[in-house]
Amino acid sequence: MPSGIRIRKGAYDAIKAQVTKAGNPFPDEVSEVVKKISANGGTPLVVIENEQVMGTVELQDIIKPGIAERFDRLRKMGVKTVMVTGDNPLTAKFIAEKAGVDDYIAEAKPEDKMNYIKAEQHSGKLVAMMGDGTNDAPALAQADVGVAMNSGTAAAKEAGNMVDLDNDPTKLIEVVEIGKQLLMTRGTLTTFSIANDVAKYFAIVPALFITSIPALNALNIMHLHSPESAILSAIIFNAIIIPMLIPLALKGVKYRPIGASALLQRNLLVYGLGGVAVPFVGIKLIDLVVSVFF
């Protein structure tokens with residue numbers, strides 16, 4: 001200021017170091033207030049004038065209702081949530097418990113955030129990062145998926161892969177669900193198609209070559225009417241089953257927030273076993289109708 005008065009506010013540790021360096025005492029009651037604010041989930045800022053402590057300002061973060069339930073959905077998907085913040089450990093612990101995140105890192109500098117993501121990536125994990133500040137930019141750029149808030153700084157938006165126009169930190173749920181649904185749909189169709197083809201050819205091959213290779217009669221468990229009816233039944237079955245898969249491919253398989261192993265077991269049971277059973281039943285029924293004309 002023109003009058004020579006210097007007023008500054010900042011984090012407890014930084015301000016205390018500045019006051020102590022100037023040779024001024026740091027009141028114990030201010031330290032107690034800082035601890036109390038931090039324990040209640042607030043962010044304490046110490047105010048000084050000419051390196052003399054004047055008091056403390058409390059900033060309180062508002063946790064959105066229902067955010068704990070949304071983080072629980074991510075946990076069921078097999079996604080670990082970590083809150084990385086520059087707040088002190090007491091404040092970070094309070095907010096992390098209220099929000100329901102799996103872990104937290106306090107007093108993190110920009111390079112700490114980026115290094116944490118690098119370490120997770122080196123262990124073979126895919127990392128998504130959401131942030132809005134300039135300090136988040138290096139981490140957003142390093143992450144496999146960087147989502148910047150629309151209300152964030154220009155640096156954060158430039159560093160991220162996408163910008164969330166709704167400023168919703170749990171929007172990652174929708175991102176993960178859409179990605180998993182696409183993978184599930186592709187895997188489901190592939191699983192069904194492979195199982196379907198294997199079962200289909202196993203069903204009709206014995207009927208095709210039973211006259212030239214009588215030993216195949218043991219494999220002719222469907223007892224199709226004739227080689228001609230077997231071929232025609234398989235063609236008709238294909239003409240029916242392929243169009244039936246189109247709505248599934250367009251709509252996608254419904255995603256449920258469960259672990260990857262549980263999803264794999266469910267899809268193998270439903271679409272793998274189904275892909276084996278459907279051709280046997282379908283071709284046999286068609287053969288019963290087709291055999292009337294032979």
Side-chain angles (χ1 to χ4, degrees), residues 1-65 67-68 71 80-120 127 129-143 146-149 151-156 159-160 167 169-170:
M1 290 184 177
S3 60
I5 298 176
R6 300 182 303 278
I7 298 177
R8 183 179 180 184
K9 64 177 175 62
Y12 168 75
D13 291 335
I15 295 298
K16 183 177 181 179
Q18 185 174 347
V19 170
T20 304
K21 184 178 180 181
N24 297 321
F26 196 95
D28 291 337
E29 56 267 28
V30 173
S31 298
E32 290 301 319
V33 170
V34 167
K35 291 180 181 178
K36 183 178 179 180
I37 292 173
S38 300
N40 289 329
T43 300
L45 297 178
V46 180
V47 181
I48 59 174
E49 179 180 319
N50 293 339
E51 285 70 49
Q52 295 281 347
V53 178
M54 303 300 294
T56 309
V57 176
E58 178 182 358
L59 301 179
Q60 193 66 243
D61 291 316
I62 299 175
I63 300 176
K64 291 185 176 182
I67 196 168
F71 281 138
K80 179 182 178 181
T81 55
V82 181
M83 183 182 75
V84 186
T85 176
D87 285 333
N88 64 70
L90 285 175
T91 301
K93 181 176 184 293
F94 180 91
I95 296 176
E97 290 176 350
K98 288 291 184 181
V101 297
D102 297 314
D103 199 2
Y104 68 92
I105 301 174
E107 297 179 340
K109 297 184 286 293
E111 58 270 23
D112 296 330
K113 300 177 183 181
M114 182 177 65
N115 290 334
Y116 176 80
I117 291 176
K118 284 183 177 180
E120 292 294 313
V127 182
M129 167 73 183
M130 301 190 76
D132 60 358
T134 301
N135 290 342
D136 297 323
L140 286 168
Q142 178 63 40
V147 183
M149 299 293 100
S151 60
T153 63
N167 297 309
T170 61

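With a 4.5 Å cut-off on side-chain heavy atoms, Val47 and Val57 count as touching. In this structure, the side chains of Ile48 and Val19 come closer than 4.5 Å at one or more pairs of heavy atoms. Counting only heavy atoms from C-beta outward, the side chains of Pro44 and Glu58 never approach each other to under 4.5 Å.
We find the CE-CD distance between Met114 and Gln142 to be 6.5 Å, quoted to the nearest 0.5 Å. Rounding to the nearest 0.5 Å gives a distance of 7.0 Å between NZ of Lys80 and CG of Asp102. To the nearest 0.5 Å, atoms CD (Glu120) and NZ (Lys118) are separated by 14.0 Å. To the nearest 0.5 angstrom, Met149 atom CE is 9.5 Å from Asp136 atom CG. From Leu45, atom CG reaches atom NZ of Lys9 across 5.5 Å, with rounding to the nearest 0.5 Å.
Minimum interatomic distance between Ala139 and Ile117 (heavy atoms only, all atoms of both residues): O-CD1, 3.4 Å. The two residues Val53 and Pro25 have their closest heavy-atom pair at CG2-O, 4.4 Å. In terms of heavy-atom proximity, Gly133 sits nearest to Ala156 at O-CB, 3.6 Å.
Residues satisfying the side-chain contact (heavy atoms from CB on, under 4.5 Å) test with Ala92, not counting sequence neighbours, are Met83, Thr85, Tyr104, Ala106. A search for side chain to side chain donor-acceptor pair (under 3.5 Å) contacts involving Asp13 returns nothing, not counting sequence neighbours. Qualifying salt bridge (Lys or Arg N to Asp or Glu O under 4.0 Å) partners for Lys109, counting only residues two or more places apart in sequence or in other chains: Asp112. Scored by the salt bridge (Lys or Arg N to Asp or Glu O under 4.0 Å) test, Glu97 finds Lys93 as partners (sequence neighbours excluded). Thr56 meets the side chain to side chain donor-acceptor pair (under 3.5 Å) test with no other residue; sequence neighbours excluded. Remark: Thr20 engages no residue in a side chain to side chain donor-acceptor pair (under 3.5 Å) (not counting sequence neighbours). Listed by chain and residue number, Lys98 satisfy the side-chain contact (heavy atoms from CB on, under 4.5 Å) test with Phe94 (two or more places apart in sequence, or in another chain). Shown here are the side-chain contact (heavy atoms from CB on, under 4.5 Å) partners of Ala22, two or more places apart in sequence or in another chain: Asn24, Glu51.
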Side-chain donor-acceptor pairs of residues 27-37 under 3.5 Å, sequence neighbours excluded:
unit_1, atom_1, unit_2, atom_2, d
Ser31, OG, Tyr12, OH, 3.1

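Not a single donor-acceptor pair under 3.5 Å links the side chain of Asn135 to the backbone N or O of Pro110. With hydrogens and angles ignored, the 3.5 Å screen pairs no side-chain donor or acceptor of Asn50 with any backbone N or O of Ile5.
Screening residues 27-64 for ring-ring contact (aromatic ring centres under 6.0 Å, His included) gives no qualifying pairs among residues at least two apart or on separate chains.
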